[in-house]
Amino acid sequence: MSAVSPSRTGARVERQPLSRYTTLGVGGPAEVWFAGDHAQLAEAMEAPYRILGGGSNLVISDQGVPERVIRLVGPLAERDLDPDPLLSTDDEIVTGWVGGGVPLPGLVRTLQKSGLSNLEGTVGIPAQVGGAVWMNAGTRYGEMFDGLHTIEIVTPQGTRQVSPDELQWGYRNSGIPRGHVVSRVRLKLRRSTPQAVLEKMDAADQARKGQPKMKTPGCAFKNPGGVSAGKLIDEAGLKGTRIGDAMIAPEHANFIVNLGGATAADVHALLDVIRARVGIPMELEYELWPEQL
Ligand code: FAD
Ligand code: EPU
């Protein structure tokens with residue numbers, strides 16, 4: 001595929017298969033805009049766009065998408081974890097800016113080594129900070145909104161900084177509208193010790209021991225009313241059900257895995273089987289690009 005870059009403001013633009021950016025390993029081509037600063041991000045948002053993070057909650061069509069796909073790179077994928085002296089106290093620190101494109105797993109490990117608590121419950125989530133904030137990713141041991149002080153949100157209309165109190169956030173939901181880009185955040189962390197943070201992290205890690213290790217976009221459905229969607233799908237007898245190269249994982253029924261050559265159509269078909277067989281309505285946790293094939 002041919003390169004198109006660079007743009008007016010220097011953003012790198014390339015037509016690429018999106019499969020390389022998704023944890024499912026599925027996704028056709030799109031024009032990818034690599035935005036490293038606010039000017040490049042603003043330019044990328046001048047035409048219809050989608051924002052791509054760690055690609056760990058996405059099922060993207062094999063035909064790709066017609067919109068620009070924006071990735072945050074450079075300074076928007078860097079982190080300043082120094083305490084802000086004006087906002088930090090003996091017990092609590094507020095960091096400098098952490099870019100939306102920063103990988104969450106490395107950040108969580110660094111915070112643990114520094115003895116800084118509040119985000120350890122998100123260990124094992126293969127997201128970028130922006131995507132994890134947008135979804136309020138988490139586990140029963142903690143979620144992204146446990147550790148946020150300020151969220152910077154960019155839209156085609158401009159940039160604003162909000163505190164979590166201004167958003168209607170909840171389980172797997174930040175209240176931030178789709179397409180509003182989380183460009184950077186400041187973290188709010190509690191001073192602890194590396195050992196204490198590690199112990200909490202181990203508990204959260206332990207809870208995912210039964211999850212499959214293959215290519216997957218994580219859990220397919222949100223837990224309806226606090227009941228495990230995986231348990232419901234399991235009770236419907238669907239573990240191991242296979243369409244093409246997509247399979248409901250034998251280890252945990254809320255995970256669909258790619259056995260090698262899965263297509264987005266295979267995954268959509270399995271989602272339909274699950275909906276038809278589990279008697280109660282369940283909200284999809286994945287995002288489908290586009291919504292219908
Ligand atoms: P993407 O998948 O790239 O995108 C998902 C959505 O976020 C899209 O709408 C996208 O447009 C939007 N988005 C991405 N970046 C930004 C941004 N900067 N600003 C605004 N919107 C943005 N999730 C959990 O909550 N808990 C878990 O325990 C968990 N475990 C997982 C385990 C595995 C093995 C996998 C593969 C996934 C798991 N997930 C889990 C799902 C996934 O990691 C989360 O949903 C995560 O929040 C997705 O973030 P991402 O950066 O990968 O976003
Ligand atoms: N269960 C089954 N069969 C299954 C799966 C689960 O019987 O196939 C049972 C388990 O035995 C357990 C209960 O259901 O008794 C809960 O299972 P688990 O601990 O795996 O938790 P979950 O509710 O299925 C949630 C999150 C995961 C997160 C884990 C660990 C959702 C949709 N899922 O799963 O998040 O990693 O807890 O904290 O909230 C994700 O969101 O993508 C994700 C992976």
Side-chain angles (χ1 to χ4, degrees), residues 18 21-25 27 35 41 45 49-60 65 67 69-73 76-77 98-105 121-145 151-155 171-174 176-185 203-224 226-240 248-258 282-289 291:
L18 299 178
Y21 298 117
T22 62
T23 54
L24 179 65
L41 183 55
M45 295 170 102
Y49 64 88
R50 293 172 186 265
I51 172 85
L52 175 66
S56 62
N57 201 40
L58 294 177
V59 179
I60 303 179
V65 290
E67 299 86 3
V69 169
I70 302 174
R71 296 212 86 210
L72 302 178
V73 297
L76 292 179
V98 175
V102 167
L104 183 63
T122 66
V123 66
I125 301 179
Q128 290 184 355
V129 166
V133 170
W134 187 78
M135 281 284 299
N136 187 20
T139 65
R140 70 182 77 93
Y141 298 90
E143 57 194 353
M144 279 311 285
F145 272 67
I151 304 166
E152 184 181 82
I153 299 172
V154 179
T155 70
Y171 165 66
R172 301 290 194 274
N173 175 22
S174 64
I176 300 170
R178 189 177 306 282
H180 289 206
V181 175
V182 176
S183 46
R184 306 184 297 177
V185 297
D205 250 343
Q206 201 59 34
R208 43 175 91 248
K209 283 284 179 279
Q211 297 180 0
K213 305 286 176 278
M214 300 181 76
K215 288 182 178 177
T216 172
C219 282
F221 293 94
K222 297 185 184 182
N223 286 342
V227 181
S228 167
K231 190 165 189 291
L232 296 172
I233 302 166
D234 187 3
E235 284 168 357
L238 290 172
K239 272 184 175 172
I248 298 175
E251 300 93 334
H252 190 300
N254 202 12
F255 283 78
I256 293 176
V257 295
N258 179 358
M282 292 192 298
E283 190 188 341
L284 201 62
E285 180 172 312
Y286 301 155
E287 196 158 311
L288 309 175
W289 284 11
E291 286 259 317

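The first residue in the sequence is number 1, and the count goes up from there. The basis for the numbers below is simple: all heavy atoms, side chains too, and nothing from hydrogens, waters or symmetry mates. Just follow the structure's listing: the first ligand is 1, and inside any ligand the first atom is 1.
- Side chains of V59 and W289 form no contact here, defined as non-hydrogen atoms less than 4.5 Å apart.
- Of all atoms in ligand 2, numbered sequentially from 1 with element shown, those under 4.0 Å from a heavy atom of G218 are 42 (O).
- With hydrogens and angles disregarded, no donor-acceptor distance shorter than 3.5 Å links the side chain of T155 to the backbone of H180.
- Annotation: W134 places no N or O atom under 3.5 Å from an N or O atom of ligand 1; distance criterion only.
- At least one N or O atom of R172, backbone or side chain, sits closer than 3.5 Å to an N or O atom of ligand 1.
- Counting the atoms of ligand 2 from 1 in the order shown, those under 4.0 Å from a heavy atom of T139 are 38 (O).
- Taking only nitrogen or oxygen atoms, main chain and side chain alike, Q128 reaches within less than 3.5 Å of ligand 1.
- Annotation: atom 9 (O) of ligand 1 to nearest protein heavy atom, E287 OE1, 2.6 Å.
- Distance from atom 23 (N) of ligand 1 to its nearest protein heavy atom, with residue and atom name: E285 OE2, 3.8 Å.
- Comparing heavy-atom distances from atom 27 (C) of ligand 2 across M282, E285, R172, H252 singles out R172 as nearest.
- For ligand 2, the atoms lying closer than 4.0 Å to a non-hydrogen atom of D234 are 2 (C), 3 (N), 4 (C), 7 (O), 8 (O).
- Formation of a donor-acceptor pair under 3.5 Å by the T216 side chain with backbone atoms of I256 is found in this model.
- Close contacts between ligand 2 and R140 involve ligand atoms 18 (P), 19 (O), 21 (O), 37 (O), 38 (O) [criterion: under 4.0 Å to a heavy atom].
- The protein non-hydrogen atom at the shortest distance from atom 39 (O) of ligand 2 is Y171 OH, 2.7 Å.
- Close N/O approach between G55 and ligand 1 is found [any backbone or side-chain N/O within under 3.5 Å].
- Counting only heavy atoms of the protein, atom 40 (C) of ligand 1 lies nearest to I125 CG2, 4.0 Å.
- In this structure the side chain of N258 never reaches within 4.5 angstrom of the side chain of M214, judged on heavy atoms.
- Backbone and side-chain nitrogen or oxygen atoms of G100 are examined, and none is located within less than 3.5 angstrom of a nitrogen or oxygen of ligand 1.
- Remark: atom 15 (O) of ligand 2 lies closer than 4.0 Å to no protein heavy atom.
- Numbered from 1 in the order shown, with element, the atoms of ligand 1 that lie under 4.0 Å from a heavy atom of L52 read 3 (O).
- In this structure, CD on E251 lies 7.5 Å from NZ on K213, to the nearest 0.5 angstrom.
- At under 3.5 Å, not a single nitrogen or oxygen of M135, backbone or side chain, sits near a nitrogen or oxygen of ligand 1.
- Distance check on atom 43 (C) of ligand 2: some protein heavy atom falls below the 4.0 Å cut-off.
- Heavy-atom proximity to S228, at under 4.0 Å, picks out these atoms of ligand 2: 6 (C), 13 (C), 14 (O), 16 (C), 17 (O), 22 (P), 23 (O), 24 (O).
- Taking the side chain as every heavy atom from C-beta outward, L18 and L58 never approach each other to under 4.5 Å.
- Taking every non-hydrogen atom of K239 and a distance limit under 4.0 Å, the qualifying atoms of ligand 2 come out as 8 (O).
- Counting heavy atoms closer than 4.0 Å to ligand 2, residue F221 contributes backbone atoms (N, CA, C, O) but none from C-beta onward.
- Set against the non-hydrogen atoms of L72, the atoms of ligand 1 under 4.0 Å away are 18 (N).
- The shell of residues lying under 4.0 angstrom from ligand 2, judged by heavy atoms, includes F255.
- Atom 11 (O) of ligand 2 is never approached by the protein to below 4.0 angstrom, counting heavy atoms only.
- For ligand 1, the polar-atom distance check against R208 finds a nitrogen or oxygen pair separated by under 3.5 Å.
- Between A137 and ligand 1, no pair of N/O atoms sits closer than 3.5 Å.
- For N223, a nitrogen or oxygen atom sits less than 3.5 Å from a nitrogen or oxygen atom of ligand 2, counting backbone and side chain alike.
- Of the N or O atoms in Q211, one or more lie within a sub-3.5 Å distance of an N or O in ligand 2.
- Close N/O approach between W289 and ligand 1 is not found [any backbone or side-chain N/O within under 3.5 Å].
- Between E251 and ligand 2, no pair of N/O atoms sits closer than 3.5 Å.
- Looking only at heavy atoms of the protein, atom 26 (N) of ligand 1 is closest to G138 O, 2.7 Å.
- Within ligand 2, the atoms closer than 4.0 Å to a non-hydrogen atom of R208 are 36 (O), numbered from 1 in the order shown.
- Residue contacts with ligand 1, taken as heavy atom pairs separated by less than 4.0 Å, involve N57 via backbone and side-chain atoms alike.
- Considering both main-chain and side-chain atoms, I51 comes within under 3.5 Å of ligand 1 through a nitrogen or oxygen pair.
- Look at E283 and R172 and you find no salt bridge, because none of the NZ, NE, NH1 or NH2 atoms lies under 4.0 Å from a carboxylate O.
- Near A253, meaning under 4.0 Å from one of its heavy atoms, ligand 2 places the atoms 4 (C), 8 (O).
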